[in-house]
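So the structure is just underneath, and the comments pick up after that.
Treat the numbers as computed from the prediction; the structure is a model and nothing was measured.
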Amino acid sequence: MAIWNGELYAGGTFTHSGNSTTQRIARWDGTNWQPLLGGVDGPVYHLRAYPDGLYVAGWFNYADTVQAESLARWDGTQFHEVHDLPPLYTGAGVNAINDVAIYNGQVFIGGNFGGGNGFNDIAYYDGNAWVPMGNGFRGALSTVNVMEVHDGKLYIAGSFNNFNGSGHPDNPGNGIVTWDGSQWDDLLGGTAGAYNPSIYGMEWINDTLHVVGRFDRIGGIHTGRIAKWDGYRWCGLIPEDYFYPDISCIGQWHDTLYVGGSFTSAGPDSINRIAKWIGGDYVDTCGWAVGVEEVGIVPAEARLHPNPLTTTALLHLPSDLSRSMELVWHDALGRLVRTDVPQWQGGPILIERGGLPPGLYLLRYGPKATDALKVLVH
């Protein structure tokens, strides 16, 4: 559903609304559902309201009499194709578009299209033509489910991964990634390690992103198919397998968070397919996504300032450590990314960010790099 030009629109697989024939898309006039001309000839999966019209994404060929190739724009009176979108599929018979977003003035589409033609589940209009977005998302089961624009970044979530050979190694992340116009960020590994990496819905509440899907692990922590991202780390709201089998949508009304899906239980309670969040005391809520054993976490007198690290910082260490020093950096998935051997004379050690991408790291230090410090890099 979406509100455009002050009116409520709904899309889906329906062919009737009340007493009206409404082919998969309808407008609520305050009393009845009204058709949008002849509607569309296939499912509608997402509606997006923009100043120039209501964008309709789905798996259809025609919007009324307009050959739209699964993406149409409604101007309040009639449908239009969007930038002459061509067929992007190979043998599927329809562009399978799950969502549309306008980012940096360009129209992006995501779904389950392509294969052998250069398009892999995501594309955008560059002002002259529809073009692939890098390598896109690959894999037999890959798909882009939903996209959101927030704080200068395009957030892309779906059913894709690159973890431990179970996905395609060219994929930029697992379940969720961001694009800032020039590079990807995998948000601390996303759903790497989950038995199913799929994310189906996203909802921003102020500057906190909530995601739902079929995943049971995100950012290195176990969670019950719902989690939140505070800009630095992932936090779970509920224990693993709390909802089963999945949560497919999420929304906010007033100050309450709602979820819907195919679940029939929420923890010990029988809750059929829709639930609201009222808070709780689940304590294992936030993780630092370190994929390595956290032995010897820093003594109280050891600290890094400033932390988060932007360009440089000073590492203050206990004075009783040996002068033989090694600094070993691991990323959020436990991979070794850098080793430094500073000349330590007992004072603070200058830490330089160098080429470290933004994210969370475990910095091991000491004569054998056995103690550790968590470092956020901005």
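- No continuous path of ILVMFWY side-chain contacts below 4.5 Å connects V149 to I3, so the two sit in separate hydrophobic clusters.
- A 4.5 Å side-chain heavy-atom check between P245 and S262 finds at least one atom pair inside the cut-off.
- Residue L154 holds its CG atom at 6.0 Å from CE of M133, rounded to the nearest 0.5 Å.
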Report task. Kindly indicate, with the supporting measurements, whether the criterion side chain to side chain contact (heavy atoms under 4.5 Å, CB included) is fulfilled by W277 and I238. Result -> CA-CA 10 Å; W277 173 247; I238 50 180; 3.8 Å; yes
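- Using a 4.5 Å cut-off between side-chain heavy atoms of Ile, Leu, Val, Met, Phe, Trp and Tyr, with links allowed through other members, I271 and Y242 fall into the same hydrophobic cluster.
- Annotation: side-chain contact (heavy atoms from CB on, under 4.5 Å) contacts of T256 (sequence neighbours excluded): Y258, K276.
- Listed for the R353 side chain is no donor-acceptor partner under 3.5 Å among the backbone atoms of T312.
- Within 6.0 Å of CG in L141 there are 12 or fewer heavy atoms belonging to other residues, nucleotides or ligands.
- Under the 3.5 Å distance criterion, the side-chain polar atoms of S198 are left unmatched by any main-chain donor or acceptor of G158.
- Counting non-hydrogen atoms of other residues, nucleotides and ligands closer than 6.0 Å to OH of Y125 gives a total above 12.
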Report task. Check the pair H210, L237 against side chain to side chain contact (heavy atoms under 4.5 Å, CB included), reporting the backbone distance first and the verdict last. Result -> CA-CA 10 Å; H210 293 73; L237 301 180; 4.3 Å; yes
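- Heavy atoms of other residues, nucleotides or ligands lying less than 6.0 angstrom from CD of Q252 number more than 12.
- Nearest approach of T223 to I226, heavy atoms of both residues: OG1-O, 2.7 Å.
- No side-chain donor-acceptor contact under 3.5 Å links Q106 to the backbone of F108.
- The two atoms that bring I199 and A157 nearest to each other are CG2-CB, 3.6 Å, heavy atoms only.
- A donor and an acceptor atom, one from each side chain of H168 and N161, are nowhere located under 3.5 Å apart.
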**Report entry** T264/N272 under side-chain hydrogen bond (donor to acceptor under 3.5 Å, both in side chains): CA gap, chis, key distance, verdict
**Finding:** CA-CA 4 Å; T264 55; N272 287 315; 5.0 Å; no
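- N196 places no side-chain N or O within donor-acceptor distance of the main-chain N or O of R214, the cut-off being under 3.5 Å.
- From L257, atom CG reaches atom CD1 of I278 across 12.5 Å, with rounding to the nearest 0.5 Å.
- Between F79 and W74, the two ring planes are tilted [angle within 30° to 60°].
- Annotation: side chain of V146 is not in contact with side chain of N98 (no heavy-atom distance under 4.5 Å).
- A donor-acceptor pair under 3.5 Å is formed between the side chain of D230 and the backbone N or O of Y232.
- No side-chain heavy atom of D170 sits less than 4.5 Å from a side-chain heavy atom of N120.
- Formation of a donor-acceptor pair under 3.5 Å by the W130 side chain with backbone atoms of H83 is found in this model.
- Hydrophobic cluster membership for L350: L314 (Ile, Leu, Val, Met, Phe, Trp, Tyr linked by side-chain heavy atoms under 4.5 Å, directly or transitively).
- With salt bridges taken as basic N to acidic carboxylate O contacts below 4.0 Å, one links E148 and R48.
- In terms of heavy-atom proximity, T22 sits nearest to H16 at OG1-C, 3.5 Å.
- Without hydrogens or angle criteria, N95 side chain to I97 main chain gives no donor-acceptor distance under 3.5 Å.
- W179 has its ring centre no less than 6.0 Å from the ring centre of Y103.
- Taking the charged nitrogens against the carboxylate oxygens, D340 and R338 do have a contact shorter than 4.0 Å, which makes a salt bridge.
- In this structure, CD in Q67 is found 9.5 Å from CG in D41, a value given to the nearest 0.5 Å.
- Closest heavy-atom contact between M147 and A101: CE-N, 3.8 Å.
- A salt bridge is defined here as a Lys NZ or Arg NE, NH1 or NH2 lying under 4.0 Å from an Asp or Glu carboxylate O, and D180 with K153 fails to meet this definition.
- Taking 4.5 Å as the limit, every side-chain heavy atom of T339 sits out of range of all side-chain heavy atoms of L327.
- Between V212 and F243 there is no side-chain heavy-atom pair separated by less than 4.5 Å.
- Side chains of F137 and T143 form no contact here, defined as non-hydrogen atoms less than 4.5 Å apart.
- Considering only heavy atoms from C-beta on, I218 comes within 4.5 Å of V211 through its side chain.
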Report task. Might you work through the side chain to side chain contact (heavy atoms under 4.5 Å, CB included) test for V259 and C249, ending with a clear yes or no? Result -> CA-CA 6 Å; V259 296; C249 59; over 6 Å; no
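- The ring-ring contact (aromatic ring centres under 6.0 Å, His included) analysis of residues 31-72, with sequence neighbours excluded, yields the pairs W28-W33, Y45-W59, Y50-Y55.
- Judged purely by atom type and a 3.5 angstrom limit, N162 uses its side chain to pair as donor or acceptor with the backbone of N171.
- A distance-only check finds a donor-acceptor pair linking the side chain of N307 to the backbone of K374 [under 3.5 Å].
- The same ILVMFWY cluster, assembled from side-chain heavy atoms under 4.5 Å apart, contains both F113 and L85.
- Here CG of N174 is found 5.0 Å from OG1 of T191. Values are rounded to the nearest 0.5 Å.
- Taking 4.5 Å as the limit, some side-chain heavy atom of I109 sits within range of a side-chain heavy atom of L88.
- At least one donor-acceptor pair closer than 3.5 Å links the side chain of D75 to the backbone N or O of T77.
- Scanning all heavy atoms of the two residues, the minimum distance from E69 to P87 falls at OE2-CG, 3.7 Å.
- Nearest approach of D185 to P358, heavy atoms of both residues: OD1-O, 4.5 Å.
- Atom NE2 of H305 has 12 or fewer neighbouring heavy atoms from other residues, nucleotides or ligands inside a 6.0 Å radius.
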Report task. Take V375 and L360 through the test side chain to side chain contact (heavy atoms under 4.5 Å, CB included) and record every step on the way to the result. Result -> CA-CA 6 Å; V375 179; L360 184 69; over 6 Å; no
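- In this structure, L309 CG and I351 CD1 are separated by 8.0 Å, a value rounded to the nearest 0.5 Å.
- Annotation: the span from T178 atom OG1 to H150 atom NE2 amounts to 11.5 Å, rounded to 0.5 Å.
- Judged by distance alone, the side chains of S248 and D246 never bring a donor and an acceptor atom under 3.5 Å apart.
- In terms of hydrophobic clustering, with Ile, Leu, Val, Met, Phe, Trp and Tyr side chains grouped at heavy-atom distances under 4.5 Å, Y361 and Y365 are assigned to a common cluster.
- Using a 4.5 Å cut-off between side-chain heavy atoms of Ile, Leu, Val, Met, Phe, Trp and Tyr, with links allowed through other members, L315 and L356 fall into the same hydrophobic cluster.
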